[in-house]
4 protein chains.
Amino acid sequence: MRAAETAPAPTAQRVREAALELFAERGYHGTGIRQLAERAGLSSASLYHHMGSKEELLGALMRESLERLLAEAQAVAAGEPDPGERLCALVRMHVRSHGERPLETRVVDGEVAALTGPVRAEVVALRDRYEALWHATIDAGLDAGQFHVTSPALARRALLEMCSGVARWFDPAGPTALPDLAEQYVDLARALLGATATAGRRVDGDTPRPV
Amino acid sequence: MRAAETAPAPTAQRVREAALELFAERGYHGTGIRQLAERAGLSSASLYHHMGSKEELLGALMRESLERLLAEAQAVAAGEPDPGERLCALVRMHVRSHGERPLETRVVDGEVAALTGPVRAEVVALRDRYEALWHATIDAGLDAGQFHVTSPALARRALLEMCSGVARWFDPAGPTALPDLAEQYVDLARALLGATATAGRRVDGDTPRPV
Amino acid sequence: MRAAETAPAPTAQRVREAALELFAERGYHGTGIRQLAERAGLSSASLYHHMGSKEELLGALMRESLERLLAEAQAVAAGEPDPGERLCALVRMHVRSHGERPLETRVVDGEVAALTGPVRAEVVALRDRYEALWHATIDAGLDAGQFHVTSPALARRALLEMCSGVARWFDPAGPTALPDLAEQYVDLARALLGATATAGRRVDGDTPRPV
Amino acid sequence: MRAAETAPAPTAQRVREAALELFAERGYHGTGIRQLAERAGLSSASLYHHMGSKEELLGALMRESLERLLAEAQAVAAGEPDPGERLCALVRMHVRSHGERPLETRVVDGEVAALTGPVRAEVVALRDRYEALWHATIDAGLDAGQFHVTSPALARRALLEMCSGVARWFDPAGPTALPDLAEQYVDLARALLGATATAGRRVDGDTPRPV
DNA sequence: CATGAATGAGACTTCATTCAT
DNA sequence: TATGAATGAAGTCTCATTCAT
């Protein structure tokens with residue numbers, strides 16, 4: 001256990017990290033195999049002992065990122081029966097996840113077009129399942145009268161775009177800690193959805209306004 | 001006159017359009033000179049009569065897009081002395097512009113990293129000037145007591161991310177027309193900023209809530 | 001007459017001059033059609049109204065240079081029955097010619113390999129005829145007992161190499177005027193060939209030494 | 001041992017040799033990467049495992065040739081305190097070197113213009129240092145009263161041009177062996193410089209003549 | 001596992017040349 | 001004559017990938 005924590009990252013892991021960094025920095029097509037090898041501390045030939053092909057590597061990174069995100073979302077959603085609270089939990093998790101792993105977000109959001117064949121379909125399917133969770137939650141909140149928006153379709157999209165943006169600018173060394181930021185985003189999301197105050201959050205008499 | 005409308009676009013223009021489409025679809029590094037030539041209906045050698053290099057072409061596209069966006073923003077801002085109204089006008093213009101020219105947005109937002117040297121600096125400077133206009137407007141609204149947010153920095157970022165997202169999904173053939181969508185975004189923006197009701201917009205007694 | 005002297009060089013002539021300069025500076029293969037056009041003040045398409053092809057242009061330049069050189073040599077040789085004097089006259093003419101037109105020399109000496117087909121053969125034949133004149137003169141001087149060298153073949157070659165070198169470094173703005181330089185080369189040539197003193201040139205009793 | 005003599009040259013060496021041959025035959029700009037690859041027995045892509053770029057390859061060839069020539073000249077010069085003898089040794093070495101490696105000479109003399117940037121400056125500097133050695137030796141001979149020329153500057157230039165010419169025509173299969181040729185050049189050089197007879201070389205009473 | 005060497009395919013770009021205007 | 005536009009061929013170089021060692 002303790003050994004594992006301090007042991008040098010196994011080579012395969014170093015390759016993944018190098019790929020994640022470079023694909024995020026320069027894009028998939030803008031990253032060469034040799035740059036990848038150099039960043040991973042290997043020769044370009046050795047790289048192929050740890051991966052199938054450049055595209056398979058990208059596919060694996062994207063699939064794993066989305067699978068983890070989806071799993072976290074499902075875990076969070078499972079623990080919150082109330083739609084309003086569930087959405088807050090999703091926002092909180094999403095912002096934390098995107099703030100902690102901005103590289104993954106940039107790759108997942110920006111390199112879908114670089115994928116071809118069945119892997120691309122898989123990745124798109126995962127992304128759709130993740131978004132479906134948000135949609136279902138928002139719809140449940142609307143049905144329950146907790147949210148008040150003029151256009152649910154728009155609110156869904158605007159909300160996710162807004163929350164994902166954090167990956168593009170959040171700086172862990174900046175003035176706001178990530179958990180605080182997540183709470184601020186929760187508030188923004190509630191405002192966006194015209195959320196009814198929930199226990200302990202809003203003073204009584206607070207009037208929700210449709211947006 | 002009508003003939004002019006259907007006349008074939010001048011070659012140079014066809015090259016720009018082809019580049020815009022392909023750079024948006026597949027990214028700068030994912031687009032080859034031959035694809036560009038084919039889409040423009042030229043041989044790859046002929047392409048070079050209408051552009052300097054692939055990178056110069058990208059740079060020109062990005063610079064022009066940003067210059068137009070900035071000019072529109074300045075025109076809009078100049079016409080609205082009231083910060084709240086000015087922000088609404090900016091949001092409206094931004095959403096319309098992004099909905100009408102989603103390709104430009106994708107390229108401008110996604111390919112800055114493909115640029116090198118002084119052109120990159122120019123493009124970044126233009127983008128910063130555009131954002132500074134938003135920041136100044138939001139700050140003015142806060143100073144005037146028209147907006148109520150807990151974190152201005154966050155609101156600025158979240159707001160722009162949200163509004164830019166429209167370029168990624170708006171479908172002109174969809175159920176919502178672009179002007180309507182723009183108005184909905186204006187409402188979302190007001191909600192996000194905790195905007196005080198302005199004349200004719202909100203019923204009396206509406207209580208602004210900080211977000 | 002006077003008009004012709006001050007009239008702008010006809011375009012065809014400007015093309016020749018541009019080609020001569022560039023082929024001398026950068027070599028035939030190192031010179032592009034567009035550079036040629038720019039130097040001549042034309043578009044690259046217009047160039048083809050004044051020349052056949054790039055290679056024909058090179059061939060014409062080389063042929064004309066060698067034809068002029070050969071004609072001058074023949075004129076000079078025809079006027080000097082004495083082999084010793086004839087060789088001096090050849091050296092004098094060669095040095096002056098090479099000092100006055102260094103570009104032609106560089107092209108003629110350096111770009112034979114760029115020529116193909118019958119033009120190349122022509123050029124080589126002209127060069128051989130020119131050298132044959134020198135050879136015949138040297139042989140005549142040896143037969144007449146005017147020159148004393150251990151290896152005629154070597155002397156012939158060394159002499160020409162030495163005399164041609166002037167094209168590579170002579171500076172008309174330098175301290176030595178070309179006619180003076182030519183006389184110095186005549187002296188060098190005489191020394192190289194172990195030439196017997198001729199009237200007015202060497203004091204009586206001067207002993208020729210074989211080299 | 002003997003096996004080593006006939007073993008195939010290492011690939012990198014084959015590339016250098018191919019480049020030397022082709023650059024000498026057709027010039028740097030007249031030689032294509034594919035020709036280079038074919039002559040070296042490689043694919044054009046493989047070439048780049050053994051060189052940086054075509055120009056770097058040229059630069060390396062030129063630098064090494066000049067460095068070797070300079071080193072040989074310095075070794076030769078160091079062993080001869082007498083200026084007259086030193087010059088003879090330089091001529092002897094120069095002629096042998098140029099006769100043995102005519103390709104290098106052609107490239108070094110003909111392709112300086114193809115070089116750009118700092119490598120060009122380096123190569124020119126090496127060439128200047130080599131020539132400075134000759135100049136110093138000639139000046140020392142003049143100061144010591146061993147040489148008698150009317151124009152030292154001219155003699156220096158004419159001498160080097162003459163000696164370098166050997167690379168352009170010497171045929172190892174011809175009637176004169178290289179060491180003999182070198183001695184003949186030594187004699188020519190002495191004649192050119194009006195060298196005083198030195199021990200064992202000239203009969204007493206030999207009168208030096210200025211040239 | 002690791003890598004130097006190799007390579008077919010393709011990258012971007014320029015070549016010399018032609019032709020309609 | 002002059003030239004902008006066009007192009008097939010070729011330029012130099014890098015691509016992702018394989019394989020013998």
Side-chain angles (χ1 to χ4, degrees), chain A residues 10-12 14-15 28-38 40-58, chain B residues 10-12 14-15 28-38 40-58, chain C residues 10-12 14-15 28-38 40-58, chain D residues 10-12 14-15 28-38 40-58:
Chain A
T11 308
R14 285 222 313 282
V15 171
Y28 174 77
H29 289 300
T31 301
I33 280 286
R34 276 163 233 261
Q35 295 170 280
L36 216 54
E38 192 188 10
L42 267 68
S43 77
S44 61
S46 302
L47 223 51
Y48 284 85
H49 286 287
H50 304 283
M51 59 179 237
S53 72
K54 193 184 157 193
E55 186 174 345
E56 283 177 50
L57 179 56
L58 172 65
Chain B
T11 310
R14 284 221 314 282
V15 171
Y28 174 77
H29 289 299
T31 301
I33 282 287
R34 282 182 246 264
Q35 294 169 285
L36 214 53
E38 193 187 11
L42 267 69
S43 78
S44 59
S46 301
L47 220 52
Y48 284 84
H49 279 278
H50 306 282
M51 59 181 237
S53 71
K54 195 186 158 193
E55 187 175 343
E56 282 177 49
L57 179 56
L58 173 64
Chain C
T11 310
R14 284 222 314 282
V15 171
Y28 173 78
H29 289 299
T31 300
I33 280 286
R34 275 162 233 262
Q35 294 171 281
L36 217 52
E38 193 189 9
L42 268 67
S43 77
S44 61
S46 302
L47 222 51
Y48 284 85
H49 287 285
H50 305 283
M51 59 179 235
S53 72
K54 193 184 157 192
E55 186 175 345
E56 283 178 50
L57 179 57
L58 173 64
Chain D
T11 309
R14 284 220 314 283
V15 170
Y28 174 77
H29 289 301
T31 301
I33 282 287
R34 281 180 245 264
Q35 294 170 284
L36 213 54
E38 193 187 11
L42 267 69
S43 77
S44 59
S46 302
L47 220 52
Y48 285 83
H49 279 279
H50 306 284
M51 59 183 235
S53 70
K54 195 186 158 191
E55 186 175 345
E56 282 178 49
L57 180 56
L58 172 64

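Residue numbering restarts at 1 for every chain, and letters A, B, ... go by the order of the sequence lines.
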> To the nearest 0.5 Å, what is the distance between CG (D:Leu36) and CG (D:Leu57)?
6.0 Å
> Round to a whole Å and report the spacing from NE2 of D:His29 to C1' of E:dT14.
13 Å
> Show me the dot-bracket string of DNA chain F, counting Watson-Crick or G-U pairs under 3.5 Å, with | for pairs to another strand and [ ] for crossing ones.
.||||||||||||||||||||
> Closest-nucleotide mapping onto DNA chain F: is A:Met51 or D:Tyr28 further toward the 5' terminus? I mean the 5' end.
D:Tyr28
> Which pairs with one or both residues in residues 42-54 of chain D pass side chain to side chain donor-acceptor pair (under 3.5 Å), sequence neighbours excluded?
D:Ser43-D:Ser46
> Can you name the side chain to side chain donor-acceptor pair (under 3.5 Å) partners of A:Gln35, sequence neighbours left out?
none
> Could you list where the contact with chain B starts and ends along DNA chain F, reading 5' to 3', using a 4.0 Å heavy-atom cut-off?
F:dA5 to F:dG8
> In this structure, how many angstroms lie between the C1' atom of E:dT13 and the CG atom of B:Leu57, rounded?
14 Å
> Would you kindly compare C:Glu55 and B:Ser53 by the position of their nearest DNA chain E nucleotide and give the one closer to the 5′ end?
B:Ser53
> Report yes or no: does D:Tyr28 contribute a side-chain atom to a donor-acceptor pair with the main-chain N or O of D:Glu55 at less than 3.5 Å?
yes
> For the atom pair CG (C:Leu42) and CZ (C:Arg34), what is the distance rounded to the nearest 0.5 Å?
14.0 Å
> Taking side chain as C-beta onward, heavy atoms only, is C:Ile33 less than 4.5 Å from C:Leu47?
yes
> Looking at residues at least two apart in the chain, or sitting in another chain, which of them share a side chain to side chain donor-acceptor pair (under 3.5 Å) with B:Glu56?
none
> Taking only N/O atoms, report every protein-nucleotides 7-11 of chain E pair under 3.5 Å with atom names and distance.
from, atom 1, to, atom 2, distance (Å)
E:dT7, OP2, D:Ser43, N, 3.2
E:dT7, OP2, D:Ser46, OG, 2.7
E:dA11, OP2, B:Arg34, NE, 3.0
E:dA11, OP2, B:Arg34, NH2, 3.4
E:dA11, N7, B:Arg34, NH2, 3.4

